[in-house]
Amino acid sequence: MSLFIIKCICVYFSGIGFGLIVNLPHRALNVAGITATLSWLVYYAIMNTWGGLGSANFFGGLTIGLVSVVIAHLKKMPSILFDVPGLVPLVPGGQAYNTIKNLALGDYQVAFNYLSEVVWIAGSIALGFIVAELINKIRIKIKYVSRGRSN
Amino acid sequence: MPDTATRQENYDHLVLNTCVLAGRIMIESGSEMSRVNDTIMRIARNAGLKDAQVYATLTGIIMSGGVKEVGAEVGSIDKRAFDMEKVAKVNELSREYAAKKIDIYQFRDDLVHIDDLVATFPLWLQTLGAGLVSGTLVVVFQNNLPDFWIAFIVGMFGWAVYYFLNIYIQIRFLSEFLAAVVVGALALIAVKNGIGVKADDIIIGGMMPLVPGIPLTNAVRDALSGNLISGPARGIEALISACALGFGVAIALHFF
């Protein structure tokens, strides 16, 4: 349990650290950390209950997409500012490294296993983003149509 | 004294110039393409160019005003870095222009001097950020608490190498490659000398600030929004930098 709390804090700081690298505006840094923590919590919860690698990353990506759009509206800043740091704790860094390592050592079979895992995770996150974007587009459409009716 | 037609022509030129400049800054700072198109078209419409057309790609922008007297403007883009504050600033200026808080002359002036308006974090703070990413992600990914500090330091060194090579030697993928070599070598040396516990974990952490996460996300987004030129181009850029990182680590694993 204490490791879980340490991990939460670590995810928050990883979002802020990545924000420092890509030069986020000062007032966006804290929110970026919170976005990262939220998406990772969703990922962690699904990973440890019923889901596998795919669905956990899918819902993680979906959470980032939705949260960043909402915060972008509240703060009047582009949404890309918040979804980039949110992505950091989901990136399949370990698997990608193991792919390269096994390729370098000549274990092509193992390397391919890791590579397929990387592709699977990246695809799931991307799919989550797509669905979030779709939901956002539908929301804008509904807003537009209802405003057109009322006039 | 210029007559009305010439003055209108000058104004249209200025608007086109401002649009291309805004788009250029956004693409150079790592914005996605649909936002660039959207911002440019909004500026043009607010300035009174109703039939403006824009064609933006990763390496250049072509824009025409849709009026007979003024031709098209071309802006080329050769360097791309990540600077989210510039994206936010252009967005903010475009909002202010739409709300008529600033006029087009002020807008263009601000865009030309955007480097003075937008502050970047100093190098030590960026390096600290890289260390923070490296150290914390070792804990998150690998459940490896003892290696937090050594990954922190290795990540800081890796980022510093990447940063200085990007400034002094402008060969893009070489800086990623050498930074990866440094990260791998430092991690292996640290473990050999008994400072670190697991070399693999430290390398994973140290690489995280260098991994092309934003280009990949943008590639997927651009491709999905129908921009079939910029999406794959960004994907290839991300792929080459990932390969450069991979080769760097592979070489470090061989020699240390």
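Order of the sequence lines sets the chain letters (A, B, ...), proteins ahead of strands, with each chain counted from 1.
For the pair B:Glu32/A:Pro78, no side-chain contact is recorded, criterion being any heavy-atom separation below 4.5 Å from C-beta on. Side-chain contact check for A:Leu20 versus B:Val133: every heavy-atom pair is 4.5 Å or farther apart.
The contact between A:Leu24 and chain B is made by backbone and side chain atoms together, counting heavy-atom distances below 4.5 Å. At a 4.5 Å heavy-atom cutoff, the contact between B:Leu253 and chain A is made by side-chain atoms alone. The part of B:Asn91 that comes within reach of chain A is its side chain, from C-beta onward, which places non-hydrogen atoms under 4.5 angstrom from that chain. In this structure, chain B has heavy atoms under 4.5 Å from both the backbone and the side chain of A:Val22. The contact between B:Ala119 and chain A is made entirely by backbone atoms, counting heavy-atom distances below 4.5 Å. If you measure heavy-atom distances from B:Phe141 to chain A, the contacts under 4.5 Å come from the side chain alone.
Here the options are B:Leu125, B:Val87, B:Thr120, the test is side chain to side chain contact (heavy atoms under 4.5 Å, CB included), and the partner is A:Asn23; only B:Thr120 passes.
Contacts of residues 26-37 of chain A with chain B at a heavy-atom distance below 4.5 Å involve A:His26, A:Arg27, A:Leu29, listed in sequence order. Among residues 93-118 of chain A, the residues having any heavy atom closer than 4.5 Å to a heavy atom of chain B are, in sequence order, A:Gly93, A:Gly94, A:Tyr97, A:Ile100, A:Lys101, A:Ala104. Within residues 7-16 of chain A, the residues having any heavy atom under 4.5 Å from a heavy atom of chain B are, by residue number, A:Lys7, A:Cys10, A:Val11, A:Phe13, A:Ser14.
In terms of heavy-atom pairs under 4.5 Å with chain A, the best-connected choice from B:Leu145, B:Asn143, B:Ile251 is B:Asn143. Chain A forms more heavy-atom pairs under 4.5 Å with one residue of B:Asp200, B:Val249, B:Leu245 than with any other, namely B:Asp200.
No more than 12 heavy atoms of other residues, nucleotides or ligands shown are found within 6.0 angstrom of CZ on B:Phe157. Around CZ of B:Phe247, the count of heavy atoms belonging to other residues, nucleotides or ligands within 6.0 Å does not exceed 12.
Remark: B:Ser134 pairs with B:Pro209 by the side-chain contact (heavy atoms from CB on, under 4.5 Å) rule, at least two apart or across chains.
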When you look at B:Met84 and A:Leu81, which way does the side chain to side chain contact (heavy atoms under 4.5 Å, CB included) test go after all the steps? CA-CA 6 Å; B:Met84 288 297 139; A:Leu81 261 64; 4.2 Å; yes
